[in-house]
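Chain letters run A, B, ... following the sequence lines, proteins first, then strands; residues in each count from 1. Note: hydrogens, waters and symmetry copies are ignored here, and every other heavy atom, side chains too, is used.
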Number of protein chains: 2
Amino acid sequence: MDIEIAAKQLEALGNATRLQLYRALVRAGDAGLPVGRLQQRLGIAASTLSHHLHRLILTGLVSQERQTTTLICRANYPAMNNLVGFLVDECCVDAGCSASEADGAASVADSAT
Amino acid sequence: MDIEIAAKQLEALGNATRLQLYRALVRAGDAGLPVGRLQQRLGIAASTLSHHLHRLILTGLVSQERQTTTLICRANYPAMNNLVGFLVDECCVDAGCSASEADGAASVADSAT
DNA sequence: TGCAAATTTCGATGATTATCGAAATAGAGG
DNA sequence: CCTCTATTTCGATAATCATCGAAATTTGCA
């Protein structure tokens, strides 16, 4: 896995709207979800959703399939597995990555606060 | 794991420079790496490196410790484990995430090309 | 105290991003 | 061909980001 590709995919997921979007798709399973339903669920403008969807598709994390008039979106599980595999490989090169729960890592300091 | 935190951490890793940076730290293991050495390795301005490092630290993915004059940076493994855990949880809610190698997910379409 | 090395902060600039509404496009069906 | 619905593209705007060099800061040491 090329580090550039990994970075692009991480960047694609590194936005609250897109991560919610992706999560909804993952939870929808193989059935996927139509664009319109995603829009209702996220409550954003259709054009904004289309923009984010496009970014996810470009990185290969999401795919689309036409069903008559509606477009069904699906999470691309193998892509995510690949990405997670990359992270785990990097993480476990020579460090014991067995901690299942992080200690002080669950909160993010916010510089703007 | 809050989805906002996950998004922030993914965003932090979703930049080629920072991902290289983080990878170097992960590979350095518990010994960590001084800022100066990271700068040599990445070949970027010290101020740029400091900026990226700051972002990684804010998300809890990297920590620093002073050793006399130099600052030692270390990857925060538990944070990464937490993040990977989040991704895996989302991914495996009801989908069989057993594919170890992705099929068509290894290449990223580049809209700017 | 004063110097040297390491790192950050400041200030600026160009590039990218997120968001929206309006208009355009695509597919189905009468 | 026309219309309806679903979705994307366009154009614009405000916000955030990456990057650099110069200046300031911190720390140790003589």
Side-chain angles (χ1 to χ4, degrees), chain A residues 3-4 7-22 24-25 28 31-59 61-74 108-113, chain B residues 3-4 7-22 24-25 28 31-59 61-74 108-113:
Chain A
I3 196 170
E4 289 283 345
K8 273 191 166 36
Q9 291 186 336
L10 289 166
E11 181 191 30
L13 293 173
N15 170 280
T17 302
R18 282 195 296 270
L19 193 52
Q20 282 180 276
L21 178 47
Y22 185 77
L25 290 181
L33 279 176
V35 177
R37 187 168 299 264
L38 282 169
Q39 195 210 333
Q40 291 176 334
R41 190 167 304 192
L42 297 186
I44 57 179
S47 52
T48 303
L49 173 62
S50 184
H51 163 68
H52 287 305
L53 220 32
H54 185 61
R55 285 179 70 88
L56 286 171
I57 290 169
L58 279 182
T59 60
L61 288 168
V62 165
S63 63
Q64 281 182 327
E65 181 204 352
R66 232 206 159 90
Q67 269 184 20
T68 73
T69 18
T70 71
L71 269 178
I72 305 294
C73 307
R74 291 196 184 82
V108 172
D110 195 332
S111 67
T113 323
Chain B
I3 196 170
E4 290 284 344
K8 272 190 165 38
Q9 291 185 335
L10 288 167
E11 181 191 31
L13 293 174
N15 169 281
T17 301
R18 283 194 295 270
L19 193 52
Q20 282 181 276
L21 178 48
Y22 184 77
L25 290 181
L33 279 176
V35 177
R37 188 168 298 263
L38 282 168
Q39 194 209 335
Q40 291 176 335
R41 190 168 302 192
L42 297 186
I44 58 180
S47 52
T48 303
L49 173 62
S50 184
H51 163 68
H52 286 305
L53 220 33
H54 185 61
R55 285 178 70 88
L56 286 171
I57 289 169
L58 278 182
T59 60
L61 287 167
V62 165
S63 63
Q64 281 180 328
E65 181 204 352
R66 225 195 171 100
Q67 270 185 18
T68 73
T69 18
T70 71
L71 268 178
I72 305 294
C73 307
R74 291 195 185 83
V108 172
D110 195 333
S111 66
T113 323

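At C:dT17, one or more side-chain N or O atoms of A:Arg55 fall inside 4.0 Å of OP1 or OP2 (strictly under the cut-off).
Two residues are said to be in side-chain contact when any heavy atoms from C-beta on lie closer than 4.5 Å; A:Leu21 and A:Asn15 fail this criterion. The shortest side-chain heavy-atom distance between A:Leu13 and A:Thr59 does not fall under the 4.5 Å cut-off.
Taking A:Ala45 as the reference, A:Ser47, A:Thr48 meet the side-chain contact (heavy atoms from CB on, under 4.5 Å) condition, with sequence neighbours excluded. For the side chain to side chain donor-acceptor pair (under 3.5 Å) test, residues two or more places apart in sequence or in another chain that qualify with B:Glu65 are B:Arg74. Here A:Gln64 pairs with A:Val35, A:Leu53, A:Ile57, A:Leu71, A:Cys73 under the side-chain contact (heavy atoms from CB on, under 4.5 Å) rule; sequence neighbours left out. Taking B:Gln39 as the reference, B:Ala46, B:Leu49 meet the side-chain contact (heavy atoms from CB on, under 4.5 Å) condition, with sequence neighbours excluded. Remark: A:His52 engages A:Arg18 in a side chain to side chain donor-acceptor pair (under 3.5 Å) (not counting sequence neighbours). The side-chain contact (heavy atoms from CB on, under 4.5 Å) test applied to B:Gln20 returns A:Ile3, B:Leu42, not counting sequence neighbours.
Atom P of nucleotide C:dA18 and atom NE2 of A:His52 are separated by 6 Å, given to the nearest angstrom. What separates CG of B:Leu71 from C1' of C:dA6 is a distance of 8 Å, to the nearest Å. Rounded to an integer number of Å, the gap from CG of A:Leu56 to P of C:dA18 is 10 Å. Counting to the nearest Å, the P atom of C:dT17 and the CD atom of B:Glu11 are 11 Å from each other. What separates NE2 of A:His54 from C1' of C:dA18 is a distance of 15 Å, to the nearest Å. Distance CG (B:Asn15) to C1' (C:dT17): 14 Å, rounded to an integer number of Å.
What you find for A:Glu11 and B:Gly14 is that their closest heavy atoms are CB-O, 3.2 Å. Residue B:Ala31 comes nearest to B:Ile72 through the heavy atom pair O-CG2, 3.5 Å, listed as atom of the first residue, atom of the second, then distance.
Applying the salt bridge (Lys or Arg N to Asp or Glu O under 4.0 Å) test to every pair with at least one member in residues 44-54 of chain B, sequence neighbours left out, gives no pairs at all.
For DNA chain D, the contact window with chain A, defined by any atom under 4.0 Å from a protein heavy atom, covers D:dA6 to D:dT9 in 5' to 3' order.
Where A:Arg18 and B:Leu53 each meet DNA chain C at their nearest nucleotide, the meeting point lying more 5' is that of B:Leu53.
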For nucleotides 26-30 of chain C, give me every protein contact, N/O to N/O, under 3.5 Å, one pair per line with atom names.
none

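Near DNA chain C, defined here as any heavy-atom distance below 4.0 Å, the residues from residues 41-49 of chain B are B:Ala46, B:Ser47, listed numerically.
As judged by a 4.0 angstrom heavy-atom cut-off over every strand, A:Ser50 is placed among the base-contacting residues.
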